[in-house]
Amino acid sequence: MNLAIAILAAGKGTRMKNPELPKVLVQFKGKPLIHYVFETANSLLPSLIYLIIGYGKEQVRNYIERNFNNSKTIFVEQNNQLGTAHAILQIEPILDNNIDTLLILSGDVPLIRTETLNEFIEFHLVNDNALSLISTIIPNPKGYGRIIRDNEGKIISIMEEKDLPKDLYSLDEINTGIYIFNTNGLMEFLHRIGNRNAQQEYYITDAVALYLESGKKVGAFRIQDYYEVAGINTMEELKSLENIYHQIMSDLKSV
């Protein structure tokens, strides 16, 4: 396996109450969100890290260059934020031909652990999947894309909440936005993704159905600790995740 990591870090974060600051530079436990994600990505010893930047791109680039000595980082610009599939397509012209596996992380998910990602990578390889994703069950799935399964428990698609029929709102297994793709054929599939949805964006989640329709193997690695994969879209969510983190640290100290 020759692993590269793509980190999605182009978002504006309009609900974070600081319109001048890129979302991934919002402070969490004293450091920007992107710091934790980038640090974890580095710990996996990838061949390359593609950092996809957009809003406030110079601020994000400057932070990474000041705080990490990493010659493996390639900054990729997504000047129009047209969705996650569109973001990964920005890598296409510069994707190293030697890379056969691409792990996709979100720049606003600070608590994902190296150990979890190593287990996820192993799951992908052992099951010989073309596409793998991390899922989890959370108490309140509001705002997240849901995992849709058939009667046998197999994944058939992921549906964003804005496009979810009311009778499926109670589904609580969510897509976390963390994926592994075999790079062979990846870009061709991403070019096939359309934007006929409520947001008129190109969702990488739509790749699941396309892969399955083409007979490619897709798997979901469900993790128990949902806080590890919690994203942050509002200051309330940021404060809630900080409280969870402090409680976890307190529990560990008392053991």
Side-chain angles (χ1 to χ4, degrees), residues 8 10-16 23 78 80-89 104-109 112 120 123-124 127 129-181 185-186 188-238 240-241 244:
L8 303 175
K12 185 175 182 179
T14 54
R15 291 182 285 167
M16 297 302 292
K23 180 180 178 181
Q78 184 192 21
N80 298 307
Q81 278 78 66
L82 300 177
T84 48
H86 177 262
I88 299 303
L89 279 171
I104 300 174
L105 302 176
S106 297
D108 65 344
V109 179
I112 187 67
F120 179 43
F123 167 86
H124 177 77
N127 287 283
N129 291 337
L131 160 58
S132 299
L133 60 94
I134 293 181
S135 72
T136 193
I137 304 292
I138 62 173
N140 179 10
K142 183 176 174 56
Y144 287 91
R146 308 299 207 281
I147 303 294
I148 310 298
R149 297 181 182 267
D150 63 16
N151 292 332
E152 296 178 353
K154 295 179 181 178
I155 295 177
I156 55 175
S157 69
I158 300 172
M159 192 171 289
E160 297 299 323
E161 186 171 78
K162 290 182 176 66
D163 306 303
L164 200 68
K166 289 184 178 179
D167 62 325
L168 296 181
Y169 255 65
S170 60
L171 293 176
D172 58 1
E173 183 182 10
I174 65 151
N175 172 44
T176 67
I178 298 176
Y179 311 90
I180 299 176
F181 285 88
L186 167 60
E188 289 85 348
F189 275 99
L190 295 186
H191 277 293
R192 290 170 54 190
I193 290 174
N195 67 340
R196 296 181 63 182
N197 52 65
Q199 294 293 93
Q200 293 188 311
E201 292 187 353
Y202 300 88
Y203 296 136
I204 201 167
T205 50
D206 290 347
V208 171
L210 289 175
Y211 270 57
L212 290 170
E213 288 166 7
S214 299
K216 291 186 174 291
K217 196 171 181 184
V218 177
F221 180 68
R222 185 187 291 180
I223 67 170
Q224 182 175 353
D225 295 329
Y226 67 88
Y227 64 83
E228 272 196 64
V229 289
I232 293 172
N233 292 302
T234 66
M235 294 305 294
E236 289 74 20
E237 289 175 354
L238 179 104
S240 174
L241 196 58
I244 289 171

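Just so it is clear, the structure is predicted and the values come from calculations on it, not from any experiment. Only this structure's heavy atoms are used, side chains among them; waters, hydrogens and symmetry mates stay out.
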### Task
Assess whether side-chain contact (heavy atoms from CB on, under 4.5 Å) is satisfied between I112 and V229, documenting all intermediate values.
CA-CA 6 Å; I112 187 67; V229 289; 3.8 Å; yes
Exercise: identify the closest heavy-atom pair between [X] and [Y]:
X	Y	answer
N129	K217	OD1-CG, 3.3 Å
E228	I223	CB-CD1, 4.2 Å
K142	E161	CA-OE2, 3.3 Å
N233	K23	OD1-NZ, 2.6 Å
Q81	A10	CD-O, 3.6 Å
L171	R146	O-NE, 2.8 Å

### Task
For the pair I137 and E173, evaluate side-chain contact (heavy atoms from CB on, under 4.5 Å) and give the outcome as yes or no after the intermediate values.
CA-CA 5 Å; I137 304 292; E173 183 182 10; 3.5 Å; yes
Quick one: does [X]'s side chain have a donor or acceptor within less than 3.5 Å of a partner on [Y]'s backbone?
X	Y	result
T84	I204	yes
D150	E152	yes
D206	L210	no

If you round to the nearest 0.5 Å, how far is [atom2] of [Y] from [atom1] of [X]?
X	Y	atom1	atom2	result
E237	I244	CD	CD1	10.5 Å
I158	I147	CD1	CD1	4.0 Å
I104	L186	CD1	CG	6.5 Å
N195	Y203	CG	OH	9.5 Å
T176	I134	OG1	CD1	5.0 Å
Q199	D163	CD	CG	8.0 Å

Any side-chain heavy-atom pair from [X] and [Y] closer than 4.5 angstrom?
X	Y	answer
D172	I138	no
S132	F221	no
D108	L8	no
I155	R149	yes

### Polar side chain donor-acceptor pair, H86 to Q78, under 3.5 angstrom
yes
### Message
Under a 3.5 Å cutoff, is there a donor and acceptor pairing between the side chains of N175 and Y179?
### Response
yes
### Query
Once the angle between the rings of F181 and Y211 is folded into 0 to 90°, is it parallel (under 30°), tilted (30 to 60°) or perpendicular (over 60°)?
perpendicular
#### Entry: Enclosure of F123 CZ (heavy-atom neighbours >12, cutoff 6.0 Å)
yes
### Query
Does a salt bridge link K162 with E160, judged by any charged N lying under 4.0 Å from a carboxylate O?
no
